[in-house]
Every structure is written in structure tokens, then in C-alpha cells.
Amino acid sequence: MAAPAKERLKELAEGRLGPLLLKYSWPALVAMSLNALYAVVDRFYIGHGCGENAMAGLTLVFPIMLLFAAFGVFVGAGHSAALSIKLGAGDRVASEKLLGQLVAFKLAFFFTLPPLIFFNLDTVLGWCGGHGVSPEALNEAKTYLGIVLFSHLFSHLAFGFSAMMRSEGAAIRSMVALVVGFGVNLVLDPILIFGFRMGIAGAAWATNIGMVASCAYALSYYLRGKSVVRLRLGRIRFHRGLLAKPCGIGFAPFLQQLLGAFINVVLPSAFAFWLTDRAEATRQVASLGVFQSVMILVVMPILGAQQGLQPIFGFNWGARNFRRVRETLKLGLVVTSVLCAIACVVQTVPPFPRLVASMFVSRDNPALLELAAHDLTLSNCMLWCIGLNIVMTTFFQSIGHPTTAIVLSTLRQGACLLPIACFLPCVMKDRTFAIWLSMPISDVMCCLMTVVPFVLYYRFLSRVRDRREVAQALTKTS
């Protein structure tokens, strides 16, 4: 193994925790933010240049994109966390097999889900609320989705490789892989949307080309031999002995993303169900699109911080350095809570909500602009309290405790938001207000439910003093 690669692994084990977390977090923050900006840049240009119907159309497509992201996270998060643990244990062969298996999963995805959706576009978009919006909005959704479906192979490979780079300590290169694609998309969006007058189709093609560029850069990192873990053709297959752990770890964020997709099917469908006026329903769905865009911007940096925490958690857990794991947990909770508080302020304290909404709504449409600002304020007023759930989900996912991570990851959207969003409109007179109100209620409930596992596990980590005590404590609890 090359000297720089050895130094990266030694740094994970022995480097000063504060600077180390900063070093691994800021590239992940940038990378996740750029991932978010793929969709946000499209919505920015479409919201100002293509109108309300196009924004509503993108909102209908959003849960399908989340479905793709769920499968990507299932593979990428699971394999990257497992890779950190194997590298901490010094198992090179298993590390190479994990990288090859990640590629095999991505290829299997490409030949299943995209074709299935492509040949059932009308049905799928109907499930997402397409039956309740204007025909123009539905046509815009079909145009965008039909173009971007099959390019997601390149997106999945790019983000999968990026996660694996970060797990082996190459955080900067992991970030650059996504910077390349975002830069291409940023340049091409206005050219294709406005210059070639392609509208929403131009946004789709700009996204496609950006995905290919990211994938090419990430693949070149492994082909040039710069990596700690080598990508070998013979390893690109499924390895029976290495399926359970990464799949178990990846199932928690997969389920979280899957619930997110389902929630974003339920919400536009709820507006379509309770509002008989198609024009008003379309406006509410467009406002939901603004909400989604803003949440992508503010939540992705939070999730990026979790990506920075993951290799430190995983490596030191694998190396049985549990005191370091505890200190990382403390610092990660502080950082995540601060980011959540900032995200809450930006969306709820005047005049920020209106300024944020104006990023995606033309001032020529004041009705939609005011509605979107109001909805942002109501839906995110308790966002500051979700940091505990986010960091604890990352913690259990990173140390290979998938069951606990799955439970925590499903609290906010599955156990809280989904039933509340379905129940409140039935008992409140203002149906749309009830739908938006369900979000802050679910944030509070999710935080309270996460307190118990946090206290119990933090006390456990506080009791152990050295590796021998940890090993003995783990033996007793197993």
C-alpha cells in the first residue's frame, strides 16, 4: 500500500479529533450540497423560466428520484460503512470485494427499476398525484422523467464510488467527483433551457451529461491506481459472505429514503384529494416543490456532516478504539444540532422565508410566492430539534448495528409524519393547513423518541475505559 494511503488510515486512528472531523466533514458537506444542487439548479431555472406547471411537474417526479436515491443509498452507504470497518480491521481482500460488489449492485439496478418505470410512466405519475394537477403539469413531468431515467446508472456509480473514496480517507477526491458533475450541469442548464429553448427537457439533458462527467472522474480515480482499495474486474460480482453486513447497514438509510419517496407521493396526492379545484391543487403542489427544493439545500449539508462522521465512527469501531467513538459522538451531536438550528432560522425568521422562496418562484407570481413562504415557515418551525435523531442514525449505521439504525431512521417519516399527515386533515377544518402542520409535530415526536437510545448507549460508552473493558462489556451484552 502506498505511503499516502497508510497515512490516511493512521490519521483516522490517531489524528486530533476536532481537526480530523473538520477535514472529513467539509468535503462531505460540499459534496452533499452539490448533490442537492443538481435538483435545485434545475428548479431555479425552471421556476423562473418555465412557470408554475413545470415546477408542479418536477414535484410529481421528485418521489421517483427519491426512490432511485433510496437504492443508491442502500448500496453506497452500506458498502462504504462496511469498508471503513474492514479497513480498520486490516482486511484488504474483503475491502476489494466490497468495492467490486458495489459495482455489481449498481449494474443490477440499471437493468431492473428504470425500464420498469419507463414502460409505466402514466401509472407511476398517477400514483404521485398526477391525476389531480393540470394536464400541462403532467406532460412536463413525463418529459423530464422520460429523459433522465436511464442516466441514473452513471449517477449511482458516481455517488457509490464517491462514498467508497471517503471511507478510505480520500475525502477531497470524493468531493471533486461530484464537483465535476455539478459544474457541467450548472453551465449547461441555462444554455439548454434558454439558449436552445428546450425548457424542462434541457434541464433533463444537462443533468444527464453532468452525471456522466461525475462517473468518468470517479472511475478514473480507481483505474489510475491512486486508491487504497483496488478495483479489480474479477471482484465485480456478488460475494455471498459479504452481502449480509453491507445490506443490513444500508437498509436503514434505504428505508429512510424509501419512506421519503412515499411521503412525497402522499403529500401531493393529499392536496389533489382534498382540493377539488385543479388550479389550486396545482399551486399547492408547486409550493410543495419549493419546500422540497429548500429542504434539499438545508438538509443535504447536515447529511454531508454525517458522511464526514461515518469513516471516523466506522474505522475506530473496527479498531476497537471506543473512547474515540464516544468523543466523536459528542462532537458530531454538537455540529449536527448547530446545522439544524441554522436551517430552521433560515426558513422561519422573517424576511428569510420570502427571500428563500423567491429563489424558485418568479416575482411575477406573487400568489405562489406568498404561499410558498408561508408554507416554509409553518412546516419547518421545529426543524432545530431533529439533529439528535440524525446523528444517532448515522452512529448506529456506521458501527454496524443496522436494526437500531433502521428503527431510528423510520421514526420521523414513517412512525410520525405519515400517520399524522393522514389523520389531521380528517379532523381539522383547514385541510391544507393540517397537512403542513403535520411536519413540525412529527419533528418533535421523533426527537423525543430518540432520547432513550441515545442516553442508554452514551452511558454504555462512558463506562468503558480501555479496549479490554470494551471487549468484556460487549461480551456480556451479546
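These numbers come from the heavy atoms of this one structure, side chains and all, not from hydrogens, waters or symmetry mates. For reference, positions follow the sequence shown, starting with 1.
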Please round to the nearest 0.5 Å and tell me the distance separating atom CD1 of Ile390 and atom OG1 of Thr336.
-> 7.0 Å

Pair Tyr457 + Phe396: ring centers closer than 6.0 Å = yes

Working to the nearest 0.5 Å, report the span between CD1 of Ile200 and OH of Tyr144.
-> 7.5 Å

Using atom types as modelled and distance alone, determine if a side-chain donor or acceptor of Ser269 lies under 3.5 Å from a backbone N or O of Val265.
-> yes

Determine whether Leu424 and Ile435 make a side-chain contact, defined as any pair of heavy atoms from C-beta on separated by less than 4.5 Å.
-> no

Examine Phe105 together with His79 and report whether their ring centres are nearer than 6.0 Å.
-> yes

Supply the atom-to-atom distance Glu168 CD to Ser80 OG, rounded to the nearest 0.5 angstrom.
-> 11.5 Å

So do Thr404 and Gln397 actually touch side chain to side chain, heavy atoms under 4.5 Å?
-> no

Atom CZ of Phe262: over 12 foreign heavy atoms under 6.0 Å = no

Output yes when a side-chain donor or acceptor of Asn264 lies under 3.5 Å from a complementary backbone atom of Phe62, and no otherwise.
-> no

Distance-minimising heavy-atom pair for Ile441 and Ile420 | CG2-CD1, 3.6 Å

Roughly how far apart are Leu157 CG and Ser155 OG, rounded to 0.5 Å?
-> 9.0 Å

Close side-chain approach of Met449 to Cys416, heavy-atom, < 4.5 Å | yes

Does some side-chain heavy atom of Leu378 sit less than 4.5 Å from a side-chain heavy atom of Phe433?
-> yes

Shortest non-hydrogen contact from Leu418 to Gly414?
-> CB-O, 3.8 Å

Answer yes or no: is there a side-chain heavy-atom contact under 4.5 Å between Leu448 and Met445?
-> no

Verify, without hydrogens or angle tests, whether Gln284 (side chain) and Glu280 (backbone) share a donor-acceptor contact under 3.5 angstrom.
-> no

Would a 4.5 Å heavy-atom cut-off, applied to side chains only, mark His156 and Phe71 as touching?
-> yes

Distance in Å, Glu140 CD paired with Leu58 CG, rounded so as to fall on 0.5 Å steps = 8.5 Å

Measure across Ala372 and Val290 and return the closest heavy-atom pair with its distance rounded to 0.1 Å.
-> CB-CG1, 4.0 Å

So do the side chains of Cys447 and Asp443 get within less than 4.5 Å of each other, counting heavy atoms only?
-> no

Using atom types as modelled and distance alone, determine if a side-chain donor or acceptor of Asn185 lies under 3.5 Å from a backbone N or O of Thr207.
-> yes

Is the shortest heavy-atom distance from the side chain of Asp375 to the side chain of Phe291 under 4.5 Å?
-> no

Donor-acceptor contact below 3.5 Å, side chain Thr450 vs main chain Cys446 = yes

Compute the centroid of each ring, for Phe44 and then for Phe360, and state whether the two points are separated by less than 6.0 Å.
-> no

Side chain of Thr377, backbone of Ala373: donor and acceptor closer than 3.5 Å?
-> yes

Would you say the side-chain atoms of Arg431 pair up with the backbone N or O of Pro425, donor to acceptor, closer than 3.5 Å?
-> yes

Can you check whether Leu408's main-chain N or O pairs, donor with acceptor, with Asn389's side chain at less than 3.5 Å?
-> yes

Using only heavy-atom distances, determine whether the side chains of Gln310 and Ser84 contain a donor-acceptor pair under 3.5 Å.
-> yes

Would you kindly say whether Thr348 and Asn380 are connected by a side-chain donor-acceptor distance under 3.5 Å?
-> no

Can any side-chain N or O of Ser162 pair as donor or acceptor with the backbone N or O of Ala177 at less than 3.5 Å?
-> no

Could you grab the distance from atom OG1 of Thr410 to atom CD1 of Ile406, nearest 0.5 Å is fine?
-> 8.0 Å

Phe271 and Trp436: aromatic ring centres closer than 6.0 Å?
-> yes

Are any side-chain N or O atoms of Ser293 and backbone N or O atoms of Gly289, one a donor and one an acceptor, separated by less than 3.5 Å?
-> yes

Please report the shortest heavy-atom distance between Lys106 and Gly76, naming the atom on each side.
-> NZ-N, 4.3 Å

In terms of side-chain geometry, is the basic nitrogen of Glu327 or Arg324 positioned less than 4.0 Å from the acidic oxygen of its partner?
-> no

Any donor-acceptor N or O pair under 3.5 Å, side chains Thr432, Asp430 = yes

